[in-house]
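Accompanying notes for the structure given below.
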Amino acid sequence: MTDNTKTHVILLSCGSFNPITKGHIHMFEKAREYLHKTGKFIVIGGIISPVHDSYGKPGLVPSRHRLTMCQLAVQSSDWIRVDPWECYQDTWQTTCSVLEHHRDLMKRVTGCILSNVNTPSTTPVIGQPQNETQTAIYQNHNTMNNKPTAIKLWGKMSESLGKICCVRPHIDRFTFVDENANLGTAMRYEEIELRILLLCGSDLLESFCIPGLWKDSDMEVIVGDFGIVVVPRDGVDTERIMNHSSVLRKNKDNITVVEDDANHPMSIVSSTKSRLALQHGDGHVVDYLNQTVIDYILQSQLYINASG
């Protein structure tokens, strides 16, 4: 498959990020690496979306801290971004709502249609903007290598969205992308397939099997329409989990399980273990958190007692 025929992917991760750990970032990196190895996908971007303060989880520090820590954790990344939309709503948002928001946001910013997993591949995705007559933008077939691609699209969008949508440390007020934003001719990209996939650990996958925890309709949208990428942790049997849920079984083809020769210990991902290490003055906290995040935590005096 050529790059133009591969499915282009934006990975979206939702969670408390209380605090964000090295493991959270590692999940993005391992997922991208694996998807690229399949030869079917190109990951052009990653989005971290911290949960709203009203989620009600014990010890959840205010979103302004969690957003800043997330931004510090990805400041050296050229493809992962932090988005404050979920935190800045009036109340807690479902994962389904967050996915739909980012799908709709991409539509508005690009003026193009995004495909869901179950959408026919013939659907134009990143291509000619809507409400414009189609023109032969690329007539010289000898310049194929110079064509804009979705990767360049993400770079262009990251430059713009990074200024107006992504979180920066020590900023008191965030503004959001204009719903009528028009990036002009820069958005005239060749037709490719673009999907937003939910990135998660096997613990979230397992939660789909807990009766009453998720609405069936939301699960159908998340797994059936969008699709998920699972990075297994602690040797969990993902096949057993998927067979335990009728929704997961039915949409098995929309679930990508990242196969990794090396184990991905839960302790490296776990924010709980990170908080305990901070409370006990455990020097191993450097194994869990980036130094910039540790510095911010100490400066802001976060997680210094059992309740936080």
Side-chain angles (χ1 to χ4, degrees), residues 6-15 28 31-32 35 40-52 79-89 92-131 149-151 153-158 160-162 164-167 176-183 187 189-200 204 208 214-230 247 251 253-256:
K6 293 177 182 178
T7 298
H8 290 64
V9 169
I10 294 174
L11 295 171
L12 171 66
S13 180
C14 300
F28 274 95
R32 182 173 71 158
L35 290 174
K40 301 176 182 179
F41 304 95
I42 295 179
V43 178
I44 64 169
I47 300 172
I48 293 174
S49 181
V51 75
H52 192 274
W79 69 281
I80 305 174
R81 298 288 180 264
V82 183
D83 189 273
W85 179 84
E86 187 177 352
C87 289
Y88 275 61
Q89 299 310 293
W92 170 76
Q93 301 293 307
T94 64
T95 301
C96 184
S97 297
V98 178
L99 282 163
E100 290 174 337
H101 160 74
H102 285 285
R103 178 197 61 198
D104 295 343
L105 177 64
M106 290 293 288
K107 285 182 184 179
R108 293 193 295 266
V109 171
T110 65
C112 304
I113 299 172
L114 274 73
S115 71
N116 288 335
V117 171
N118 293 328
T119 302
S121 59
T122 54
T123 301
V125 189
I126 298 299
Q128 200 67 21
Q130 297 172 1
N131 302 323
T149 65
I151 296 174
L153 165 65
W154 182 253
K156 179 70 176 178
M157 291 184 62
S158 294
S160 300
L161 298 182
I164 59 181
C165 187
C166 297
V167 183
F176 296 86
V177 64
D178 184 350
E179 293 186 2
N180 299 313
N182 181 8
L183 299 187
M187 304 316 294
Y189 286 79
E190 60 196 288
E191 183 177 314
I192 60 169
E193 186 175 9
L194 174 62
R195 291 175 181 164
I196 297 177
L197 301 180
L198 180 67
L199 174 65
C200 66
L204 187 142
F208 285 150
W214 294 83
K215 289 183 179 179
D216 288 345
S217 57
D218 281 5
M219 289 177 60
E220 288 284 356
V221 171
I222 293 169
V223 187
D225 290 348
F226 285 93
I228 60 178
V229 179
V230 184
V247 175
N251 296 288
D253 291 342
N254 297 342
I255 302 172
T256 300

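Just so it is clear, the values below take in all heavy atoms, side chains as well, and ignore hydrogens, waters and symmetry mates.
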Could you pull out every donor-acceptor pair under 3.5 Å between side chains of residues 43-52 and any protein atom, sequence neighbours left out?
residue, atom, partner, partner atom, Å
S49, OG, E86, OE1, 2.6
H52, ND1, S54, N, 2.9
H52, ND1, S54, OG, 2.8
H52, NE2, Q89, O, 2.7

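In this structure, the separation between CZ on R103 and CD1 on I196 is 8.0 Å, given to the nearest 0.5 Å. Here CD1 of I255 is found 11.5 Å from CG of L197. Values are rounded to the nearest 0.5 Å. L99 contributes atom CG, which lies 6.0 Å from atom CD1 of I222 (distance to the nearest 0.5 angstrom).
R32 and L11 get closest at one heavy-atom pair: N-CD1, 4.3 Å.
The side-chain heavy atoms of L204 and T95, taken from C-beta on, include no pair separated by under 4.5 Å. Side-chain contact between F226 and L198: absent, with no pair of heavy atoms (C-beta onward) separated by less than 4.5 Å. Annotation: side chain of E100 is in contact with side chain of V221 (closest heavy-atom distance under 4.5 Å). Side chains of K40 and T7 form no contact here, defined as non-hydrogen atoms less than 4.5 Å apart.
Scanning for side chain to side chain contact (heavy atoms under 4.5 Å, CB included) contacts around T94 gives W92, C96, S97, D218, with sequence neighbours left out. The ring-ring contact (aromatic ring centres under 6.0 Å, His included) test applied to F208 returns W214, not counting sequence neighbours.
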